[in-house]
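Please read the structure below before turning to the comments.
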Amino acid sequence: MAFIKIEGTVDKPLGDRGFILLETIRLNDGRTFDKKWKVWAIPAPEYSSFIEVTGELSTKINEYEIGGETKRSIDLNVNNPIVKILRGPEVASPHVNSDWATAPSNEQAPF
């Protein structure tokens, strides 16, 4: 089992089981993108809090069809996490009744 330590911003809740953490990755040419991690922790920190997470790494390959073409994505998961809040929330939480927590994301990394 691999143990990891990441820092990022709390994004979307995963129901009552955890949350999505956005880790900002900076490329050598200065561009940035967010890597999404599923953190299985209860309770979830407040939306937009900047946190540090240490835990067990696991991955899962997902397959889906788009326009008749089979695509694959990899879910990055942190199990049995230890969550440390480094900074509190920076923006207000999105409207609770919106579909922001359940909308699928098929974004690909920019490289």
Side-chain angles (χ1 to χ4, degrees):
M1 181 66 57
F3 287 91
I4 60 167
K5 181 177 180 179
I6 55 176
E7 291 181 354
T9 305
V10 176
D11 190 31
K12 301 175 184 178
L14 297 171
D16 60 354
R17 300 176 301 168
F19 58 93
I20 299 288
L21 177 72
L22 299 178
E23 176 189 24
T24 301
I25 304 296
R26 183 172 306 278
L27 303 175
N28 288 339
D29 63 5
R31 293 181 296 151
T32 62
F33 69 96
D34 288 332
K35 182 187 287 189
K36 294 181 181 182
W37 294 86
K38 291 182 179 178
V39 180
W40 302 104
I42 300 170
E46 288 186 67
Y47 174 80
S48 81
S49 295
F50 190 76
I51 64 172
E52 174 185 278
V53 176
T54 306
E56 300 171 358
L57 168 67
S58 69
T59 58
K60 178 182 175 185
I61 298 174
N62 291 316
E63 243 181 48
Y64 54 94
E65 297 278 330
I66 291 185
E69 187 177 345
T70 301
K71 301 276 187 172
R72 291 176 187 83
S73 65
I74 298 176
D75 284 348
L76 302 170
N77 299 284
V78 182
N79 301 304
N80 301 317
I82 298 171
V83 177
K84 180 179 177 184
I85 298 174
L86 302 176
R87 277 195 316 266
E90 296 183 6
V91 296
S93 179
H95 190 270
V96 174
N97 294 325
S98 69
D99 61 355
W100 66 277
T102 58
S105 175
N106 295 324
E107 298 175 10
Q108 294 181 352
F111 53 87

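In what follows, every heavy atom counts, from backbone to side chain, and hydrogens, waters and symmetry copies are set aside.
With rounding to the nearest 0.5 angstrom, the CD1 atom of I85 is 5.5 Å from the OG atom of S49. Atom CD of E52 and atom CD1 of I82 lie 9.5 Å apart (nearest 0.5 Å). With rounding to the nearest 0.5 Å, the separation of CZ in F50 from NZ in K84 is 11.5 Å. Atom-to-atom distance recorded for R87:CZ and S48:OG is 10.0 Å, nearest 0.5 angstrom. Between E63 atom CD and T70 atom OG1 the span is 6.0 Å, to the nearest 0.5 Å.
Nearest heavy atom pair, residue P81 against residue V53, reads CB-CG1, 3.8 Å. Across all non-hydrogen atoms, the minimal contact from S58 to N79 is OG-ND2, 2.9 Å.
Note on V78 and L76: same hydrophobic cluster, where clusters join Ile, Leu, Val, Met, Phe, Trp and Tyr whose side-chain heavy atoms are under 4.5 Å apart, directly or indirectly.
By the 6.0 Å contact criterion, CD1 on I61 is open, its count of non-hydrogen atoms from other residues, nucleotides or ligands being 12 or less. Within a 6.0 Å sphere centred on CG of N28, other residues, nucleotides and ligands contribute 12 heavy atoms or fewer.
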Donor-acceptor contacts under 3.5 Å from residues 13-27 side chains, at least two apart:
{"residue": "E23", "atom": "OE1", "partner": "W37", "partner atom": "NE1", "Å": "2.9"}
{"residue": "T24", "atom": "OG1", "partner": "D34", "partner atom": "OD1", "Å": "3.0"}
{"residue": "R26", "atom": "NH1", "partner": "G30", "partner atom": "O", "Å": "3.4"}

Show me the side-chain donor-acceptor pairs of residues 1-9 shorter than 3.5 Å, one per line, residues at least two apart or across chains.
none

> Going through the checks in order, is the side chain to side chain contact (heavy atoms under 4.5 Å, CB included) test met by D11 and Y47?
Replying inline: CA-CA 6 Å; D11 190 31; Y47 174 80; 3.7 Å; yes
